[in-house]
Amino acid sequence: MSTDILLDGQSLDRAQLVAVARGATVRLDTGALQRVAAAADFLAAQVAREEPIYGVSTGFGSNADKLLGAHPLRDELPGAARSGRSPHIELQDNLIVTHAVCVGEPFAPEVVRAMLCIRINTLLRGHSGIRVQTVQALADMLNAGIVPVVPQLGSVGASGDLAPLSHLAIVLLGGGEAFVDGERVPGRDALARKGLAPVALSYKEGLALNNGTAQMLATGVLAVQALDDLLDTADLAAAMTLDAFAGRLGAFAPEVHALRPHPGQVGTAAHLLRLLDGSTLADIPYHLVPRFRPWLPGSWDDPAARALTFDIGWDWVPFGQRHGREKFYRRFRPFRGGKKHQPQDSYSLRCIPQVHGAVRDALAQAKRVLDIELNAVTDNPLVFPDKQAEHVEEQVISAGHFHGMPLALAMSYLKAAIPVLASISERRLNKLVDPATNDGLPAFLIGNEDGTESGHMIVQYTAAAIVNDLASRAMPASVYSVPTSANAEDHVSMGANEARHVLAMAQDLGKVLGLELYTAAQALDLRRDMINAARELAGRSDADAFAAKVQGGPLPDAAERAGFLAEVEGLRAELAASPAFRPGWAVAAAHAAIRARIPFLDRDRAMDGEVAAAVRMVADGSVLAAARAVMQ
């Protein structure tokens, strides 16, 4: 069965575009090609009738008031030989060769392949006047694996992506440069290597090839595709952090979010509950959670426990400090460990649905805009060969579909959303490493009994640096128009810059999420192991032995000693009767995937390779895939 993507100008979706960007080939719908041919024939007939048509028999932009003659005026110089060139054809060639002036590093091949696919698809609508053989030549170039070199800087987003698209088209003419078989070569050589010939342009074909929104749309679609997975990864990182905090799930209950039903918020809350399904750390009774104490040689008397790198403990609440709180202490045992007796977590945990969900809604808006644009006609003028009209101006209509503002504003929304998602991730990471906020875990998630270790302290610095960089790049380009073409194009969208920024910012967001996952995995190990160490101690000891982990109790000969030991026995018995504590099933799978590449940090060591591995696991989707595998 063919794996080609059928392009017909009307049904291209984001998944198909991503497939072409990553190597799939295309084939062209026969009915669409008939529409293309009809428009090209109509345009040729109008030129033969000497009708004035913008960009066909007139100049472009500020030259739109200049009608083209039958031959170049320079042919009339004394002694000049006739060039034989048609000004109509020269106009199209010149448009491409003079507009291919972008600078900077080339776009990645997948961006350029997506641009080619978009351009072919919009031309197949049959309103651009291009010939069938020229559209087919574009498809042949794409299918042959020829990737034009398109430098990243040069589009203002109206009239479309003129300069970047000219870098696509110039290779079709045998100019410019292209990547082929992993090598950067002149465009003519790239065509020849694949048995293709350069194309000679006809009426309006230069304008049809370079007037449109393909760069901003290609980068926007690829950015949205990345953000889809990054949002799920952000939820996964948040869920792992929640388990590491033994957090509270009430804030994610369906009945709560039914009262404020923003779609992204509702979806995020439901996703978090699925990720945390099976967790016995979430919603654990407060008094069962011990806090970290530095390891000492005498911390553990059992041979199996001597391998632990931490000690644990609680503070007992004396009888004399409970007045007015007796009912509370009948429900919750009078021991203060790692978790405070409070019914709600901090905003970075409790408000995950509201924050992540708002970003999801921004992404949904971008998808809506991109989905429309994928099958839109975005060049100018537009050809309506079947329209009955008295004058050609009613059949070849100049409009503004090349203006990228619909895309630019959607991308501006995402530019503002990305630093928000990165920022709340960094706040959770910071909360994990700070002993003032991490609910009884060690400072910087390392034992540090000798005062020589930094643990995960500097990981938070890196996350903070990236968040600051993302925030500084969030200024919307769309609000700052710089007029072009001698003020004929006096308001432009800057959508190409906007979408390019979003694609790059998405990659940096992934780095922050990788750092949170790296840190949350360490915290989860500590939290799980500390609680389970308490459980195992409870199972092999009596109240007197277990009381060694409780501070603030009365002296052995004090009158309150018996009451104290009775309460210690209650805590011990509850822990001993509990099953082993564990994170949610999906969180556990993601944690195992991380631990397969990155071991627990029991002592300081070089962390650069581990940080890079965590970032790669987000980029390649492996940590997310591990969680998804157990949620199906």
Side-chain angles (χ1 to χ4, degrees), residues 104-105 152-153 219-220 223-224 226-227 229-231 233-238 240-241 244 346-352 354-360 362-363 366 408 410-438 443-445 454-480 494 497-523 607-619:
E105 290 298 310
Q152 295 188 24
L153 301 174
T219 48
V224 161
L227 285 168
D229 282 346
L230 287 172
L231 266 162
T233 304
D235 289 353
L236 174 60
M240 190 176 293
T241 297
S346 64
Y347 286 4
S348 63
L349 302 178
R350 187 176 10 135
C351 298
I352 294 165
Q354 290 78 9
V355 177
H356 289 205
V359 177
R360 285 189 182 277
L363 183 61
M411 292 299 107
S412 295
Y413 195 1
L414 283 182
K415 276 180 75 175
I418 288 172
V420 168
L421 200 59
S423 175
I424 196 171
S425 174
E426 182 276 332
R427 287 293 82 196
R428 290 190 297 261
L429 191 167
N430 182 75
K431 185 174 170 67
L432 286 169
V433 299
D434 184 349
T437 60
N438 68 11
F444 310 120
L445 305 179
S454 296
H456 280 63
M457 178 174 67
I458 306 298
V459 175
Q460 184 263 333
Y461 285 43
T462 302
I466 299 171
V467 168
N468 174 266
D469 186 65
L470 285 169
S472 69
R473 292 152 65 189
M475 168 69 181
S478 58
V479 303
Y480 189 57
M494 297 297 176
N497 283 344
E498 207 76 285
R500 180 174 54 83
H501 293 163
V502 171
L503 182 58
M505 290 169 71
Q507 294 167 353
D508 286 344
L509 168 62
K511 297 180 178 70
V512 176
L513 298 178
L515 294 172
E516 183 186 359
L517 282 163
Y518 177 51
T519 306
Q522 177 80 3
M607 300 169 72
D608 55 337
E610 297 175 3
V611 165
V615 169
R616 280 196 302 273
M617 291 186 74
V618 171

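For Arg500 against Thr219, the heavy-atom pair with the smallest separation is N-OG1, 4.0 Å. Closest approach of His356 to Ala238, counting heavy atoms only: CE1-CB, 4.1 Å. Taking every heavy atom of both residues into account, Leu432 and Ala520 meet most closely at CD1-CA, 3.8 Å.
Applying the ring-ring contact (aromatic ring centres under 6.0 Å, His included) rule to Phe444 yields no partners; only residues at least two apart in sequence or on another chain are considered. Residues passing the side-chain contact (heavy atoms from CB on, under 4.5 Å) test with Ala613 are Ile598, Arg616, sequence neighbours excluded. For Asn468, there are no side-chain contact (heavy atoms from CB on, under 4.5 Å) partners, not counting sequence neighbours. In terms of the side-chain contact (heavy atoms from CB on, under 4.5 Å) criterion, residue partners of Ala521 (sequence neighbours excluded) are, by chain and number, Met240, His591, Ile594, Arg595. In this structure Ala619 satisfies the side-chain contact (heavy atoms from CB on, under 4.5 Å) test with no other residue, sequence neighbours excluded.
Proximity of Lys415 to Pro476: side-chain heavy atoms (C-beta onward) are nowhere separated by under 4.5 Å. The closest side-chain heavy-atom distance from Glu426 to Glu516 is not below 4.5 Å. Between Arg428 and Leu349, the closest side-chain pair of non-hydrogen atoms falls below 4.5 Å. Two residues are said to be in side-chain contact when any heavy atoms from C-beta on lie closer than 4.5 Å; Gln354 and Tyr347 fail this criterion. Within the 4.5 Å cutoff, the side chain of Asp229 has no heavy atoms near those of the Val618 side chain. When side chains are defined from C-beta on, His501 does not count as touching Met411, because their heavy atoms never get closer than 4.5 Å. Val224 places a side-chain heavy atom less than 4.5 Å from the side chain of Leu414. When side chains are defined from C-beta on, Met494 does not count as touching Tyr480, because their heavy atoms never get closer than 4.5 Å.
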Evaluate Leu363 against Val359 for side chain to side chain contact (heavy atoms under 4.5 Å, CB included), listing each step before the verdict. CA-CA 6 Å; Leu363 183 61; Val359 177; 5.6 Å; no

What's the verdict on side chain to side chain contact (heavy atoms under 4.5 Å, CB included) for Asp235 and Arg360, showing C-alpha distance, side-chain angles and the deciding distance? CA-CA 11 Å; Asp235 289 353; Arg360 285 189 182 277; 2.7 Å; yes

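At distances below 3.5 Å, at least one donor-acceptor pair connects side-chain atoms of Gln522 with backbone N or O atoms of Leu445. With hydrogens and angles ignored, the 3.5 Å screen pairs no side-chain donor or acceptor of Gln460 with any backbone N or O of Asn430.
Atom-to-atom distance recorded for Asn497:CG and Gln152:CD is 10.0 Å, nearest 0.5 angstrom. Rounding to the nearest 0.5 Å places CG of Leu231 at 12.5 Å from CG of Leu236. Once rounded to the nearest 0.5 Å, the distance linking NZ of Lys431 with OG of Ser348 reads 6.0 Å.
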Name the atoms and distances for all side-chain donor-acceptor pairs under 3.5 Å in residues 502-513, with sequence neighbours left out.
residue	atom	partner	partner atom	Å
Asp508	OD1	Lys511	NZ	2.9
Asp508	OD2	Arg473	NH1	2.8

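Of the listed residues (Leu517, Leu515, Thr462, Thr241), just one forms a side-chain contact (heavy atoms from CB on, under 4.5 Å) with Leu429, and that residue is Leu515.
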